[in-house]
Engineer: 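Below: one structure in C-alpha cells.
In the text below, chain A, chain B and the rest are named by the order of the sequence lines, each starting its count at 1.
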Amino acid sequence: MNDLVTIFISMALINNFVLARFLGLCPFLGVSKKLSSAVSMGLAVIMVMTVASIVTWLLYHVLLVPFGVEYITTVMFILVIASLVQILELTIRRTNIPLYNALGIYLPLITTNCAVLGVTLINTREDFTFLETVVSALGGGIGFTLVLAMMSGIRERLQLADTPRSFKGLPNAFLVAMLLGLCFLAFGGMV
Amino acid sequence: MDPLTILIIIFLTLVGLGCGIAIFLANRFLPEEDKLLKRTEEISKYLPGMNCGACGMPGCFAYAGELAKDVDTLNKYPCMTLMNDKERLKSFGEYLGIDLVGSGQKKVAIVHCAGDSETLYDYRGVGTCKAASQLSSGHKKCPYWRVGLGGCVGVCPVGAVSYDRGKGDAYLEPNKCIGCGLCVKECPRNLIEIVPADMPQYLACNYLSKKNIPGRERCSIGCIHCRMCVRASEHDEVSWDEKKDLPYFDPEKRLPAPAAIEKCPKKVIFKRDVS
C-alpha cells in the first residue's frame with residue numbers, strides 16, 4: 001500500500017510528466033489558453049493513459065516477455081495506443097454525446113501525445129506489477145491535468161494583466177512555464 | 001532469416017490485425033450513432049464551412065446542428081452564403097428533398113456613400129466606427145458619411161472589403177462579396193444594404209433629412225434632393241422615398257435607369273456592372 005502511494009505521488013508531482021520529464025509539451029503550450037478546454041484535455045489524457053497502460057501491460061507480459069522480444073515494445077505500443085484511442089473515441093461518440101462534445105477535438109489529438117507512450121514505456125522499464133501500473137498511469141494523468149490547469153489559469157489571468165507588449169502571448173507562457181518548472185523542482189527528493 | 005525476426009514480424013502483424021479487427025468490431029457492434037449528430041455531420045458537408053457567423057450561430061457546425069433539429073431554421077436564420085451559391089444550394093436541396101434553388105437569389109452588399117466630406121476634427125479615440133460615430137455625430141462634416149475606420153473590413157469573412165487608411169475609405173468588391181450581411185450590422189451609419197446582384201444602379205448617398213442643409217454643402221457628390229432622376233424616369237424605374245427624401249430603386253423590379261444616371265446633377269447614382 002505504501003508503495004502505491006509513493007508511486008502515485010512520484011508520478012503526479014516529483015516526476016511530473018510535463019515539468020520534470022518534459023513529455024507532452026505540445027498540449028502544455030497549445031491547449032492551455034482556456035481553463036475549461038485544458039481540464040477537458042486533462043481528463044481525456046487520464047482516461048487514455050489508464051486504459052493504454054492496462055492494455056500494454058497485458059501485451060507486454062503475455063506476448064513480449066515470454067518470447068524475449070522486449071525490444072519491440074515501442075513499435076507495438078505505438079500501434080496499440082493509436083488504435084485504442086480510435087476505439088475509445090468511437091465508444092464515447094456512440095454512447096455519451098455530452099462527454100464527446102466536452103472532450104471534442106482533444107481525444108484524437110492524444111494519439112500523438114508522447115506522455116501516453118511515455119507512461120507505458122516507463123511502466124515496463126520500472127517493471128511495475130499490474131496494480132502499480134494502474135496507479136502510476138492515474139498519477140501521471142492527474143499530474144498532467146494539474147499542471148495544465150495551473151498553466152491555463154495563470155495564462156487566462158496574464159492575458160488581462162499589463163505586461164510588456166513584446167512579452168504578450170507565447171513569451172509570457174514560456175516565462176510561466178519556467179517558473180512552474182522551478183516550483184516543481186522543489187518536489188525533488190520528497191520521497 | 002533469423003527465427004526471432006520472423007517471430008517479431010508475426011507479432012506485429014498479429015497485433016496490427018487485432019487492433020484493426022477491434023476497431024471494426026467496435027464500429028459494428030456499438031449502438032447506432034446518435035441520429036441528430038449524424039444528421040448534423042451530413043448537413044455540415046453542404047454548408048460553406050467558413051464559419052462567418054452571419055446566421056447568428058457560432059460557426060457552420062452549430063448551424064448544421066440547428067438545421068438538423070428543425071429545417072425551418074433555414075428561413076428564420078438564413079445562411080446568405082449558402083443562398084448565394086447555386087450549386088451548393090441545389091445539392092443541399094436534393095439532400096433535404098426540398099427545392100431551395102427557387103427561393104435563393106444571389107445578393108451582394110452595396111455602400112450608399114461615395115462622398116468626400118471634410119474632416120471636422122482629428123479623432124483620436126477608440127479606433128472603431130461605432131465609437132467614433134457617437135462623438136458629436138462623427139468627425140466628418142457630413143453626419144451620414146462613412147466613418148472610415150474600417151469596421152466593415154474587420155468583419156468581412158471573405159476579405160471583399162479593402163480599406164484605404166489614408167483616405168479613410170472602404171471599397172467593396174462585388175465579385176468577392178457573398179452577401180452574408182455581417183457588414184450591414186457592423187456599420188453604425190446603416191450605409192450598407194444587401195441587394196440582388198443584378199441591381200442595375202444604386203444611389204451612393206444616404207443623406208436622409210431634408211430639414212438639414214442639403215448634401216451639396218458638405219460633400220461634392222451628395223444628393224441634393226432635386227428629384228431630377230424621378231422626372232427623368234420613363235417607366236417608374238425611379239420613385240421618391242418621401243420618408244428618407246431620397247430616390248428609391250425597387251429591388252423587386254430592378255429596372256435600369258440610364259436617363260436618371262445621365263440627368264443627376266451630382267452624378268451620385270452609380271451604374272453597377274451587371275454581367
Engineer: Looking at F22(A) versus F17(A), is the centre-to-centre ring distance below 6.0 Å?
Structural biologist: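 No: the rings miss the under 6.0 Å criterion.
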
Engineer: State plainly whether the residues D122(B) and R124(B) are in salt-bridge range, i.e. N to O under 4.0 Å.
Structural biologist: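 Salt bridge flag = yes for R124(B) with D122(B).
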
Engineer: Other residues, nucleotides and ligands only: do more than 12 of their heavy atoms fall within 6.0 Å of OH on Y95(B)?
Structural biologist: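 Yes - once you tally the heavy atoms of other residues, nucleotides and ligands closer than 6.0 Å, there are more than 12.
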
Engineer: Taking heavy atoms only and a threshold strictly under 4.5 Å, list by residue number the residues of residues 2-9 of chain B that touch chain A; give 'none' if the list is empty.
Structural biologist: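 Expected list: L4(B), L7(B), I8(B).
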
Engineer: Hey, which of A26(B), G16(B), C19(B) has the most heavy atom pairs under 4.5 Å with chain A?
Structural biologist: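 Highest number of pairs under 4.5 Å: C19(B).
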
Engineer: Can you say whether V80(A) sits under 4.5 Å from chain B via the side chain, the backbone, both, or neither, judging by heavy atoms?
Structural biologist: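 For V80(A), the contact with chain B is made by backbone and side chain together.
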
Engineer: Within a radius of less than 6.0 Å around NZ of K34(A), do more than 12 heavy atoms belonging to other residues, nucleotides or ligands occur?
Structural biologist: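 For K34(A), atom NZ is not crowded (no more than 12 foreign heavy atoms under 6.0 Å).
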
Engineer: Output yes when a side-chain donor or acceptor of R94(A) lies under 3.5 Å from a complementary backbone atom of N27(B), and no otherwise.
Structural biologist: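 Answer holds: yes.
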
Engineer: Are the charged groups of E66(B) and R39(B) less than 4.0 angstrom apart, N to O?
Structural biologist: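 Looking at E66(B) and R39(B), the cut-off is not met.
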
Engineer: Would you list the pairs meeting ring-ring contact (aromatic ring centres under 6.0 Å, His included) in which at least one residue belongs to residues 115-173 of chain A, sequence neighbours left out?
Structural biologist: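 Of all non-adjacent pairs touching residues 115-173 of chain A, those that pass ring-ring contact (aromatic ring centres under 6.0 Å, His included) are W57(A)-F130(A).
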
